[in-house]
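This report concerns only the one structure given below.
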Amino acid sequence: MEAALLGGFIKVILPRLFSLIDDKYKLHKGVKSDVRFLVKELRMIVGAIDDDDELSAASSTARLSIQDLRELAHGIEDCIDGLMYRATWERQASFLRRSVRLRPPKALKTGAQLAREMQRLRHMAKEAHERKRRYAAGFPAGDGGRPSSATQPVDESPSCPSDPRILDADLVGVDEPLAELLEQLAEGRPSHLKAIAVVGFCGLGKTALAAEVYNRETRSERFERHAWVYAALKSPWEVLAEMLRKLSSGAPPSPCQGKNVLETSDVGQLCAELKQQLVKKRYFIVIDDIRTEDQWKTIKSALPADKDISSRILVTMTIQSVANACSSSNGYVHKMSRLDKMCSKQLFTKKACPDKYSCYKQPDPAEVLKKCDGQPLALVTIGEFLQAKGWPTGPSCEDVCTQIGYHLENDKSFEKMRRVLIHNYTTLLSHALKACLLYFGMFPSNRPRKKSLLRRWLAEGFVEPQPSPSSPDPIAAFNALMDRNIIEPINLSNNDNVKTCQTYGMMREFILHMSISQNFVTLFCNDKIEPKYVRRLSLHDSSATDADSFNNVDLSLVRSLAIFGKASQTVLDLSKYHLLRVLDLEKCEELKDDHVKDICNLLLLKYLSLGGGVTTIPRDIVKLKHLVSLDVRRTKVQILHVEVFQLPSLIHLFGKFKLTDIVKPKSEVHEFLSKGKSNLETLAGFVTDRSGGFLHLMGYMNKLSKVKILCESPAGCADQTDLKEAIQQFIEDEKQANVGSRSLSLHFGKCCEGLLNSLKGPCYLSSLKLHGDLVALPQFVVSLRGLRELCLSSTRLTAGVLEALSNLSYLQYLKLVAHDLEKFVVRDQAFCRLLRLSLELQCPTFPTIEEGALPFLVTLQLLCKDLHGLSDLKIEYLKHLKEVTLDPRVTPTTRGTWEKAARKHPNRPKVLLLKSVDAAQSELADYTIASEPAESAIQETSIPALLNQGLVASSSAMRKQSTSVLSNMGPSEVSSALT
């Protein structure tokens with residue numbers, strides 16, 4: 001695990017090291033030779049790690065070698081950034097020296113110093129290689145040079161495969177999911193083979209639920225043939241052979257059957273034999289822990305799909321894409337939920353307290369429930385540990401939770417939990433994904449905003465803007481972690497997009513342990529930092545107010561700084577952090593305008609998010625030539641200097657600001673923009689207020705793909721000519737085949753009706769949000785090409801507006817927010833491509849849906865607290881419906897009516913409730929108008945949960961490391977608004 005993390009880090013710094021050979025850095029020939037030598041060395045190190053990830057860190061000498069290499073890699077990164085900082089400063093100094101005499105920063109190293117540093121690093125690389133060779137040769141290699149059994153990684157295969165007859169599982173809260181799965185087995189539709197997928201994070205009880213279903217079915221006479229097969233880490237041949245053996249027991253002998261025949265058969269022969277065994281028979285097969293889509297495809301090809309037989313196959317897995325593949329044709333997916341608080345307490349108490357103490361006062365499980373976060377395996381593990389230690393005379397719940405890291409590392413009772421966590425980490429497909437996962441340790445509440453998280457991954461260099469063979473793009477990395485159910489969405493938009501996310505409780509503890517022990521993250525939480533090099537520093541709550549805590553810490557090497565809550569002035573002295581790339585101060589309570597001045601000297605900064613009491617952004621921000629993302633939404637900044645648009649690397653700009661400066665012709669800003677040098681893609685939060693000069697220049701921003709404009713006062717609408725031209729140019733349709741995403745959000749008043757009606761087609765937008773009083777649908781909306789998402793927020797939406805919307809042929813998502821809707825009938829074939837419809841109304845005036853309308857609708861959201869019953873909505877007409885979401889304030893009777901209607905629907909769609917979330921948490925809901933709702937999070941009306949004590953998960957055993965880092969390290973939670 002250490003080696004993999006180091007390999008990922010080296011891959012990040014290699015391109016930057018190679019770039020130093022460029023002439024712009026003006027390096028001496030000898031220094032360039034040192035750079036080339038280090039590039040070759042690092043490439044060889046990465047290659048060795050990739051070739052043998054696990055064994056590379058198996059022995060003590062290997063771990064010490066990794067520590068040497070990590071120190072070398074960090075030294076190289078420091079030297080690289082020092083050279084880049086110096087080159088950036090010198091370019092700016094040469095430009096300004098004509099008018100201003102500049103003094104170099106104290107931290108700026110001379111060229112001679114950097115040359116000596118490169119020589120030192122080259123010498124370090126040779127020493128590390130010699131040391132490894134010298135000590136590796138001093139010990140016998142054993143059998144053929146392989147490490148001894150003591151250092152070999154443990155086989156990942158489980159000690160005994162899952163078996164429903166021997167699984168000793170305590171089931172808690174399984175009534176609903178069990179009834180659902182049994183009903184799926186008994187259901188007559190479809191009459192041919194149906195696959196049922198049970199998916200979820202390890203330790204949630206998938207195997208236990210499947211075993212309960214299997215045991216019940218084997219006692220019934222519903223199916224003629226039964227088989228239970230464990231598939232993890234097995235080839236398709238092994239799975240098919242085991243399936244054939246299970247199905248053949250008790251069946252009439254086949255001429256092709258027999259042990260020797262099985263051993264000599266290939267996959268094709270096994271498939272033919274299985275089909276012969278199962279043809280015209282109603283069978284029920286459980287395949288536990290399928291891990292790849294290819295494995296499933298091979299298995300499925302061996303199963304006959306006879307009509308009018310109604311055979312069933314139930315599969316469990318942790319990967320969502322595999323579950324979707326298994327159920328893609330006439331299938332069903334059941335996603336596991338965590339235990340609620342009541343069931344968690346019940347399970348933990350049952351495991352922790354022996355029966356003879358049933359009358360004794362039960363332990364207070366609050367801390368345990370918080371750590372376990374509803375994961376049954378974790379609750380059972382800690383409960384059994386407490387009982388084994390002699391509860392009630394043994395350690396308390398608080399003691400165990402305080403030392404949870406030590407127990408995870410060392411106690412035999414935690415072996416299964418330890419293997420589950422390690423397996424989820426080590427099976428990630430790339431070093432980049434491991435780094436992205438460990439980065440969750442930077443956030444105290446464990447609920448970062450998705451889009452901010454992706455921008456920070458980019459700034460850190462874990463991922464690339466465009467995917468490559470060695471590194472994914474940020475969206476692909478996030479989706480990969482979501483697909484494995486390692487992280488889960490917390491807040492969802494109405495369009496089912498993830499807003500915030502989190503990791504599970506025990507996975508969170510593992511992430512903190514890994515990130516801290518590998519010096520990936522330095523977490524300061526109500527304790528002092530050990531003197532060491534700090535790369536990424538995260539300060540939580542009020543823990544950073546003591547200046548003495550940082551006396552022995554070299555802050556000049558910090559690359560990423562995040563402050564949540566209060567902080568001392570020592571920490572906020574930003575002149576110490578000259579190598580910073582990521583600076584997140586949006587939750588820093590002590591931040592003032594004086595601190596922002598020093599930010600302008602952080603020449604390598606790529607990501608900047610501000611909050612606190614900041615009221616102004618200095619013009620000197622133009623010095624941040626590497627800045628990619630600037631977020632001032634949580635500040636009090638109302639006016640932004642136009643110089644910010646001179647930043648050559650700036651891609652994302654967020655805030656709610658005016659631009660009062662007049663952009664004069666031939667000014668530096670004008671020259672920069674008119675030459676097409678702007679890379680800005682997101683401009684979200686621009687307030688029109690007589691800023692015509694800038695609006696005229698928006699046309700030069702050729703890469704803009706997301707624009708948000710607010711017309712807040714009549715003064716902002718007085719002169720609409722420049723605004724109209726800017727919007728018209730932004731939405732212009734170039735008739736290109738692959739235009740990509742282009743989003744426009746307009747907040748307007750009555751004075752802007754003429755502006756909207758004056759916009760002309762043809763035009764192109766993929767997403768449009770209109771917030772204001774709409775009397776009629778603007779003509780340009782109807783002529784939009786490629787419009788997939790549309791949100792209209794108005795006091796009242798007329799039948800004419802709705803009629804016009806029904807003809808938008810590209811529309812996939814529609815959200816309507818209003819007091820009420822005029823009477824309207826959705827006709828046959830109307831909204832022919834719509835997948836999601838969200839209606840948020842004060843009065844329950846829902847449209848009438850005819851049969852044949854909304855033919856592909858998947859999600860229906862009816863957000864009205866006064867909704868009564870079904871309101872004459874015929875959901876049986878919606879043939880592809882999978883999900884219905886209601887306002888959480890509807891009456892229990894209405895909720896029950898919808899649940900009953902859903903059970904009668906052929907698809908059995910889920911009925912969900914929408915839980916309100918603070919708008920401050922949302923990525924986009926920062927300047928909502930009166931009619932615009934806060935963002936929301938979807939929750940199911942009832943959360944089924946269960947325990948799988950017999951879950952089998954495996955990985956290589958965790959190597960012993962220093963465990964003091966986990967003692968008392970759990971971060972104190974801050975308010976949910978921090979996310």
Side-chain angles (χ1 to χ4, degrees), residues 2-53 56 62 65-91 107-134 136 430-432 435 459-466 468-471 533 535 556-557 559 578-579 581 603-604 606 625-626 649:
E2 295 178 8
L5 193 58
L6 175 61
F9 175 67
I10 293 175
K11 285 183 178 180
V12 169
I13 66 173
L14 261 175
R16 289 155 54 197
L17 178 62
F18 191 76
S19 69
L20 295 181
I21 303 175
D22 195 296
D23 290 337
K24 68 180 179 181
Y25 291 104
K26 301 179 180 178
L27 298 182
H28 190 271
K29 289 184 179 180
V31 178
K32 288 186 177 181
S33 174
D34 293 335
V35 170
R36 291 189 180 95
F37 172 81
L38 291 172
V39 167
K40 292 178 181 178
E41 284 291 299
L42 292 180
R43 282 176 174 166
M44 290 298 293
I45 292 169
V46 172
I49 290 173
D50 286 342
D51 287 342
D52 206 349
D53 192 354
S56 61
S65 294
I66 289 170
Q67 292 177 13
D68 278 353
L69 295 175
R70 185 187 301 117
E71 184 180 350
L72 171 64
H74 284 167
I76 292 173
E77 184 189 37
D78 294 339
C79 193
I80 293 170
D81 289 347
L83 285 167
M84 293 179 65
Y85 187 91
R86 179 177 182 84
T88 304
W89 183 87
E90 286 179 344
R91 284 198 298 271
L108 190 67
K109 292 185 178 181
T110 64
Q113 288 175 318
L114 290 170
R116 288 194 294 271
E117 182 68 12
M118 292 299 293
Q119 279 288 318
R120 186 184 71 85
L121 293 171
R122 181 168 183 163
H123 185 63
M124 276 182 63
K126 291 180 178 179
E127 278 189 340
H129 176 73
E130 286 297 318
R131 189 180 300 111
K132 182 177 183 299
R133 183 188 61 80
R134 185 165 60 249
S430 68
H431 303 316
E460 292 278 2
F462 304 149
V463 294
E464 299 292 336
Q466 300 297 327
S468 66
S470 61
S471 179
Y533 292 116
R535 320 301 291 187
S556 68
L557 301 179
R559 300 314 202 280
H578 67 284
L579 297 184
R581 290 194 296 264
L603 303 183
L604 302 184
K606 291 186 175 183
K625 302 299 184 183
H626 297 282
S649 302

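Only a predicted model underlies this, so the values are computations on that prediction, with no experimental measurement involved. Side-chain atoms are counted along with the backbone in the values below, which use heavy atoms only and exclude waters and symmetry mates.
- In this structure, the side chain to side chain donor-acceptor pair (under 3.5 Å) partners of Arg122, at least two apart in sequence or on a different chain, are Asp34.
- Across all their heavy atoms, Ala432 and Phe462 have their closest contact at CB-O, 3.4 Å.
- For Glu460, the salt bridge (charged side-chain N to carboxylate O under 4.0 Å, His left out) test picks out Arg536, with sequence neighbours left out.
- A distance of 4.5 Å separates CG of Asp78 from CG of Leu557, quoted to the nearest 0.5 Å.
- In this structure, CG on Leu604 lies 7.5 Å from OH on Tyr85, to the nearest 0.5 angstrom.
- To the nearest 0.5 Å, atom CG of residue Asp81 and atom CZ of residue Arg559 are 4.5 Å apart.
- For the atom pair Lys625 NZ and Leu603 CG, the distance stands at 10.0 Å (nearest 0.5 Å).
- For the side chain to side chain contact (heavy atoms under 4.5 Å, CB included) test, residues two or more places apart in sequence or in another chain that qualify with His74 are Phe9, Arg70, Asn519, Arg535.
- With rounding to the nearest 0.5 angstrom, the SG atom of Cys79 is 12.0 Å from the CE atom of Met84.
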